[in-house]
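A short worksheet on the structure shown next.
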There are 2 protein chains.
Amino acid sequence: MAKAKQFHHGDLKRALLDAALELLDEQGDSGVGIRAVARKAGVSHAAPVNHFKDRRALLTGLAVTLFDDIQARISERLERTSDDPVLRIESVVRCFFEYGANHPHRYALLWRNDVVDHECEAMRIREDAVYDHICDEIDRLVAGRNVDKHTVAIGLWSMMHGYIDLKIVGMFEDRADSTSGEDRPEALLKMFRTIFDHYGL
Amino acid sequence: MAKAKQFHHGDLKRALLDAALELLDEQGDSGVGIRAVARKAGVSHAAPVNHFKDRRALLTGLAVTLFDDIQARISERLERTSDDPVLRIESVVRCFFEYGANHPHRYALLWRNDVVDHECEAMRIREDAVYDHICDEIDRLVAGRNVDKHTVAIGLWSMMHGYIDLKIVGMFEDRADSTSGEDRPEALLKMFRTIFDHYGL
DNA sequence: GCCATAAATTGACAGTGTCAATTTTATTCC
DNA sequence: GGAATAAAATTGACACTGTCAATTTATGGC
């Protein structure tokens with residue numbers, strides 16, 4: 001009978017993370033408090049302490065599940081992408097673009113240094129995983145050529161993250177996003193292609 | 001006698017912002033609470049309400065002063081930069097790189113959508129000002145050519161912000177930042193130059 | 001059935017943001 | 001100058017939060 005329905009609540013950890021995700025989508029990270037989550041899960045205000053010692057631990061646990069979700073989306077899309085490294089890179093970036101646009105609160109939480117512990121092992125593993133999706137393809141791309149793959153990888157990651165983050169903040173509103181009829185994320189990808197071209201990749 | 005030394009405290013607003021900045025540098029935005037700021041300014045816990053109706057208003061006011069500071073640094077450096085648009089763009093980007101590296105908590109606050117009100121006029125004015133520093137030069141650069149200046153401007157802004165933000169989070173630690181002896185920010189600037197080259201700018 | 005242990009509850013504490021009522025200070029008007 | 005008025009700061013209270021200690025409840029092994 002697995003592990004469900006055993007204790008008072010029956011695998012409360014999952015229920016807490018579900019409630020936390022709902023609150024995150026509704027109100028952003030500030031709405032994800034220990035007491036609020038416990039309330040939503042129908043449990044006493046101090047119950048979560050058995051599964052998450054801190055609010056920080058709770059938010060970190062939530063971020064871990066978000067990374068796993070992103071990872072699944074990326075893997076699923078890469079299965080439908082050809083073997084061309086450039087196309088695969090662009091597939092990953094499009095995954096992030098969509099994720100940031102559809103779930104701004106979730107995306108923003110991932111990079112909140114104060115409420116999420118990026119040093120813990122669980123987070124590092126997930127960050128490595130998503131980072132490598134892009135870095136590995138770039139590695140294939142620049143193999144043998146005299147190009148620093150890390151610079152390209154960091155440049156691409158930076159542009160991707162920066163665009164999503166600034167768009168969430170609203171930095172590009174009333175400035176450029178609406179004037180041009182074309183799709184801005186696609187235009188950015190196209191522009192970054194010129195870097196690949198320049199290095200003869 | 002201007003406006004100083006008139007009321008109980010004598011232009012408390014400035015004192016509150018000074019205290020807020022100190023707390024921000026020490027503990028990050030979570031340390032900048034109304035009561036903590038009031039305590040540091042040596043005033044009762046509800047005194048700030050006369051100058052900032054909200055915690056959000058306090059943090060927004062602080063962010064405004066930070067943008068003014070950045071603006072001053074940029075202007076000062078641009079005076080010492082030649083008329084070449086590319087060089088001027090790179091000067092601005094270097095300003096942000098340095099600011100983010102030297103004052104991570106300040107930089108992070110600027111883009112916190114939940115605690116800072118980016119819709120208010122004071123913020124929009126400052127954001128426009130710093131955005132235009134890069135956008136104007138790009139405008140000069142692409143004048144007459146068949147290039148969408150907004151795409152280039154947004155691309156550059158995104159890469160700049162993304163790198164600073166991810167570096168603060170620690171995303172590039174133990175991955176690439178230490179392996180290469182060369183300066184990563186400069187390498188990113190150099191890489192972005194290939195985009196200018198590609199468009200014949 | 002008993003015991004040890006894990007899980008959840010209850011109650012308390014200090015801290016927070018925000019508001020209302022009050023007192024203190026400064027400005028304005030006569 | 002002195003009184004009236006407005007602004008600024010204080011005090012006290014409220015609901016809320018995270019965290020901890022003590023307690024009660026449920027589970028699995030013997």
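Below, read A as the first sequence line, B as the second, and so on, with proteins coming before strands; counting in each chain starts at 1.
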- When you check the side-chain N and O atoms of A:D165 and B:H161, is any donor under 3.5 Å from an acceptor? yes

- Item | Contacting residues from residues 111-121 of chain A, given that a heavy atom lies under 4.0 angstrom of DNA chain D | none

- Task: Note the angle between the end axes of the helix from C:dG1-D:dC30 to C:dC30-D:dG1, five pairs defining each, rounded to 10 degrees.
- Result: 10°

- Message: By the salt bridge (charged side-chain N to carboxylate O under 4.0 Å, His left out) test, which pairs, at least two apart or in different chains, include something from residues 45-63 of chain A?
- Response: A:R56-A:D117

- For the residue pair A:F172 and A:Y163, does the interplanar ring angle fall in the parallel (under 30°), tilted (30 to 60°) or perpendicular (over 60°) class? parallel

- Query: Salt-bridged, A:R94 to A:D183, with N to O below 4.0 Å?
  - Reply: no

- Message: Any salt bridge linking B:R88 with B:D136? Criterion: basic side-chain nitrogen under 4.0 Å from a carboxylate oxygen.
- Response: no

- Check the distance between D:dT27's C1' and A:D11's CG and give it to me in whole angstrom. 15 Å

- Message: Going by the rule side-chain contact (heavy atoms from CB on, under 4.5 Å), which residues pair with B:R14 if we only count those two or more places apart in sequence or in a different chain?
- Response: B:D11, B:D18

- Are more than 12 heavy atoms from other residues, nucleotides or ligands located less than 6.0 Å from atom CD of A:E121? no

- Whole-Å gap separating C1' (D:dT27) and CG (A:L12): 16 Å

- Query: With the sugar-phosphate defined as primed atoms, P, OP1 and OP2, and the base as all remaining atoms, what B/S/- string results for nucleotides 11-18 of chain C, 5' to 3', for protein heavy atoms under 4.0 Å?
  - Reply: BB---SBB

- Task: Answer whether the closest heavy-atom distance between the side chains of B:V142 and B:F196 falls below 4.5 Å.
- Result: no

- Could you tell me which residues satisfy ring-ring contact (aromatic ring centres under 6.0 Å, His included) with B:H103, sequence neighbours excluded, listed by chain and number? B:Y99

